[in-house]
Amino acid sequence: MDDQLALRLQLFREGGQIKPEVADFVTAELAALEAEGNTVTEATAGMLTSHLMMALTRLLNGEAIEQFLTDDQVAAELAGHPEAVGRARAVAERARHELGAALPESEVNFLGMHLAVLAQQTPAAPSS
C-alpha cells in the first residue's frame, strides 16, 4: 500500500464519519488483496476503498442503498470477470458475517467492477 492510500484510510478514520470497525474491515481486505499479489495503491484501489467504506457505513447506519439503473449493464460487464465477481461475493459474505452489513446485489456488482479494474492494473506473475 502506498502512502497516498494509507493517507486516504487515515482521513476516513480521523474524519469520524466511518465506524472504526468498517475502517478495520476495509484495511484488512486491502491487505489481503496486496498479499495475493495485487498492486494496491491510491491509483489502483482508491475508489474501491472509498466505495466500500461508504457503502458499509450507510448499511450500518440503517440508510437505504438504492438500486441503480445501470445494474444490468454492470452485471453484463462482469460476465467476463468471474474471478472479480467471486471475490466481490466473498468480501460481501465477510462483511455480513463480521459487521452484520449485507451488501445488496447492486453494491456487490460495483465492488466486482472495482476488483476487475484492480486485477487489470496488477502485473501478471512471471511464469516459471
(message) Using side-chain heavy atoms (C-beta onward) and a distance below 4.5 Å, is Lys19 in contact with Asn61?
(response) yes
(message) If hydrophobic clusters are built by linking Ile, Leu, Val, Met, Phe, Trp and Tyr wherever their side-chain heavy atoms come under 4.5 Å apart, do Leu52 and Leu60 end up in the same one?
(response) yes
(request) Apply side-chain contact (heavy atoms from CB on, under 4.5 Å) to the pair Thr44 and Leu118, showing each step before the final yes or no. (result) CA-CA 6 Å; Thr44 63; Leu118 178 68; 3.5 Å; yes
(request) Quick one: list whatever passes side chain to side chain contact (heavy atoms under 4.5 Å, CB included) with Val74, sequence neighbours left out. (result) Thr70, Leu78, Asn109, Phe110, Met113
(request) Only counting residues at least two apart or in another chain, list the ones meeting side chain to side chain contact (heavy atoms under 4.5 Å, CB included) with Met53. (result) Leu9, Phe12, Ile18, Val22, Ala23, Val26, Thr49
(message) In the structure I gave you, are the side-chain heavy atoms of Leu33 and Leu48 within less than 4.5 Å of one another anywhere?
(response) yes
(request) Please report the closest heavy-atom contact between Phe25 and Leu56, naming both atoms and the distance. (result) CD2-CD1, 3.7 Å
(request) Kindly write out the residues that satisfy ring-ring contact (aromatic ring centres under 6.0 Å, His included) with His114, not counting sequence neighbours, or none if the list is empty. (result) His51
(request) Decide whether Glu14 and Gln10 meet the rule of one side-chain donor and one side-chain acceptor closer than 3.5 Å. (result) yes
(message) Less than 4.5 Å apart, side chain to side chain, heavy atoms only: is that true for Thr39 and Gln121?
(response) no
(request) Measure the shortest side-chain to side-chain distance between Glu83 and Leu115 over non-hydrogen atoms and say whether it is less than 4.5 angstrom. (result) no
(message) Do Leu103 and Arg96 have side chains that approach each other closer than 4.5 Å (heavy atoms only, starting at C-beta)?
(response) no
(request) Answer yes or no: is there a side-chain heavy-atom contact under 4.5 Å between Arg94 and Glu29? (result) yes
(message) Could you check whether any side-chain N or O of Ser50 sits under 3.5 Å from a backbone N or O of Met47, counting only pairs where one atom can act as donor and the other as acceptor?
(response) no
(request) Step through the shown structure and confirm whether more than 12 heavy atoms of other residues, nucleotides or ligands are within 6.0 Å of CD on Gln4. (result) no
(message) Test your reading of the model: is there a side-chain donor-acceptor pair from Asp2 to the backbone of Glu42, 3.5 Å cut-off?
(response) yes
(request) To the nearest 0.5 Å, tell me how far Gln17 CD sits from Leu11 CG. (result) 11.5 Å
(request) State, yes or no, whether a side-chain contact exists between Arg58 and Met54 at a heavy-atom distance under 4.5 Å. (result) yes
